[in-house]
**Q** 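Got a structure for you, written out below as structure tokens; questions coming shortly.
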Amino acid sequence: MTQQYRAYLVGENGVFQSAEAFEAASDESALAVARQFTRRGDVEVWQLSRKVGLLKRNERSGTA
């Protein structure tokens with residue numbers, strides 16, 4: 001079962017600049033989907049009113 005998530009692009013001043021809605025099967029997969037947006041800035045990931053995590057700009061997981 002998938003859940004609704006939102007990825008919010010956070011500006012340098014801490015204000016949300018834009019949002020992308022998407023579905024994911026788990027928090028981990030939601031963070032993986034949202035990681036694509038970090039090339040534009042920091043991204044906060046939310047599932048309804050629950051903050052799932054903060055991804056820093058250009059943050060990568062694993063080894064290159």
Side-chain angles (χ1 to χ4, degrees):
M1 182 168 101
T2 60
Q3 299 177 54
Q4 295 288 321
Y5 290 87
R6 287 194 185 270
Y8 293 95
L9 180 63
V10 182
E12 290 183 23
N13 58 1
V15 175
F16 292 150
Q17 294 182 335
S18 63
E20 294 288 336
F22 61 95
E23 292 185 356
S26 67
D27 289 353
E28 293 79 18
S29 60
L31 291 169
V33 169
R35 203 163 272 115
Q36 68 181 312
F37 303 116
T38 60
R39 66 183 173 274
R40 297 185 349 216
D42 293 349
V43 175
E44 284 191 15
V45 180
W46 290 76
Q47 194 270 322
L48 299 176
S49 62
R50 181 176 63 88
K51 184 176 179 180
V52 175
L54 171 67
L55 301 171
K56 294 301 219 173
R57 180 184 188 111
N58 294 323
E59 181 178 88
R60 300 286 181 235
S61 63
T63 58

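All values reported here derive from a predicted model rather than from experimental measurement.
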**Q** Same cluster or not: are V52 and V10 linked, directly or through other Ile, Leu, Val, Met, Phe, Trp or Tyr residues, by side-chain heavy atoms under 4.5 angstrom apart?
**A** no
**Q** To the nearest 0.5 angstrom, please state how far the CG atom of L55 sits from the CG atom of L9.
**A** 11.5 Å
**Q** Can you tell me how far the CZ atom of R6 sits from the OG atom of S18, to the nearest 0.5 Å?
**A** 11.5 Å
**Q** Show every donor-acceptor pair shorter than 3.5 Å between a side-chain atom in residues 43-51 and any protein atom, with sequence neighbours excluded, or say none if there are none.
**A**
| unit_1 | atom_1 | unit_2 | atom_2 | d |
| --- | --- | --- | --- | --- |
| E44 | OE1 | W46 | NE1 | 3.0 |
| Q47 | NE2 | Q3 | OE1 | 3.4 |
| R50 | NH1 | D27 | OD2 | 3.0 |
| R50 | NH2 | D27 | OD1 | 2.9 |
| R50 | NH2 | D27 | OD2 | 3.4 |

**Q** Calculate, to the nearest 0.5 Å, the distance between atoms OG and CZ belonging to S29 and F22 respectively.
**A** 8.0 Å
**Q** According to a 4.5 Å side-chain heavy-atom criterion applied to Ile, Leu, Val, Met, Phe, Trp and Tyr, with indirect links allowed, do Y8 and V33 form part of one hydrophobic cluster?
**A** no
**Q** Would R57 and D42 count as a salt bridge (Lys or Arg N to Asp or Glu O under 4.0 Å) if you check the C-alpha gap in whole Å, the side-chain angles of each, and the deciding distance to 0.1 Å?
**A** CA-CA 5 Å; R57 180 184 188 111; D42 293 349; over 6 Å; no
